[in-house]
Amino acid sequence: MNISAFFRLFQPKDKVFYSLFEQVADNLAAMSKDLVDGLKSEEAITEGFYKKMEDYEHANDKLTHNIYIELGKNFITPFDREDIHQLTSSLDDIADFIYASTKYILLYKSPVMPCYSSFASIINDSVLELKKAIYAMRDLKKPKEVFAHCVEINRMENMADDLFSKEISALFESNKEVLDIIKIKSILEYLEDVTDKCEKSANIIESILVKYS
Amino acid sequence: MNISAFFRLFQPKDKVFYSLFEQVADNLAAMSKDLVDGLKSEEAITEGFYKKMEDYEHANDKLTHNIYIELGKNFITPFDREDIHQLTSSLDDIADFIYASTKYILLYKSPVMPCYSSFASIINDSVLELKKAIYAMRDLKKPKEVFAHCVEINRMENMADDLFSKEISALFESNKEVLDIIKIKSILEYLEDVTDKCEKSANIIESILVKYS
Amino acid sequence: MNISAFFRLFQPKDKVFYSLFEQVADNLAAMSKDLVDGLKSEEAITEGFYKKMEDYEHANDKLTHNIYIELGKNFITPFDREDIHQLTSSLDDIADFIYASTKYILLYKSPVMPCYSSFASIINDSVLELKKAIYAMRDLKKPKEVFAHCVEINRMENMADDLFSKEISALFESNKEVLDIIKIKSILEYLEDVTDKCEKSANIIESILVKYS
């Protein structure tokens, strides 16, 4: 067996991780697309919409679990085992926080504020950049494209940050009931946290590239 | 000197870290057991109970400090020095957040809510699983048992998460004063954070196993 | 070419990182000094002071970006590439949270509370210790001085923690409007977070030393 045949032998196992990360990215992209749709109208959130978000969150948990199982089975991984572990856990946080946002909108019986929908758009844009970054990771030796997506994700996080401070101060100036202000503030924090988790994932991806490129 | 004698020479130093982590685990287990007892009755928290929690927190700080000192002295460690550092710091967070929970119950003069005691039970269960995981780490080549405890810790965190959302929405529906709602919400966040820190410790342990097993 | 000439060849590139971290430390030190000055009087925060804080934050972003660019260009780094990445990002958090504190004081039209100034002093002390730690990092083989500064940073964080709990309980006992209490609590959290980020930076520095010393 020559060297190249020897390496081809390991390729399929190696590729398992890329494929799993891409499935996570696809799931997050579908989840954030549905978040945009579900928060479009200002009517109360539906149980059906909430259920859909819960399903995406469970789907993400399953993929996370599969990645950990593969980590246990495979000796050869495309990059450090602990980097795979960290990236998996930070992508899982994105699903958790999108889910938490919708859960609390439902639980708090909060009317859907127009700004929830603005956050949903930024989240969706950020997740789509993250998806592109993850698909581009297969070629660790050409990191430029991945870095460009990470820069975009950072820009989205800044936008979300600005939106958050604008909306929070408007909220305090509004004549809403104090308890409603507290609830809306808490939901805005969950929504803003999603973009923080996207940024964290982007940071982990960048630090992987920095090691291997 | 033969090879096996050579390695026995290093064993005692190596074992120092396991022993220190076990002392941390024992301290956290005693602390969370006393948390359960201290939050059992719905009467106000006593200064004596608060003091006990502070002592546990200080004891944990001392153990943390000892681990760092050993790290400075020992060239040979059972696993990567930065992993020891991370695990130590995340276990210290558990003590800090249990302590903070009781500190704010006392400072806010908050009546002990029945749900505080439910959180204390979950925290205690989670810490006991963590203790078992830590005791099982001595044998890094047999990771199955450790992983099983980590799965349990994740399950506890999910339970705490569900309890938190249930209690928070009940709180908003209650007729309590707004300031009391803010205080109780903040205490519930500290209590829920403890299980997050247990989960984080479990994640670090898992990622250590993933590297060495 | 002898060995020492060979190593001198790499030194300039190697030193680039120390120099960039020192520039970050200088920027943070100037920022926290101006924070002390800007929060000295109990009058409302000025737009000019806010603008200055924004400029420091932008300056920090630029330095952060430069460090990432150097990471991309340099094969030889004084310590692990991912450690440089982590330290850079945690120092950036310090600038972000100092900036956020002043942004929300302005946005919330919050009167400057005397305790803001006490926090500013602790932040400034903590940042100065961090600056000393960073300047002392050039000599990784003599870690004692760096560790001493890290111990101080941890002490500052404890002080900020105590100040926070004292001020928060006083705030709840005050007769302020509930919305004002919520705003001030949120600003105090941002200020306290700054010392947490200093502690996190110190922890990363310690874990780098633990690896290399």
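Taking Val178(C) as the reference, Val178(A), Val178(B), Leu179(B), Ile182(B), Ile182(C) meet the side-chain contact (heavy atoms from CB on, under 4.5 Å) condition, with sequence neighbours excluded.
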Which atom pairs, one donor and one acceptor, sit under 3.5 Å between chain C and chain B?
| from | atom 1 | to | atom 2 | distance (Å) |
| --- | --- | --- | --- | --- |
| Glu173(C) | OE2 | Lys109(B) | NZ | 3.4 |
| Val210(C) | O | Arg81(B) | NE | 2.6 |

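For chain C, the nearby part of Leu71(B) is the side chain; its heavy atoms alone come within less than 4.5 Å.
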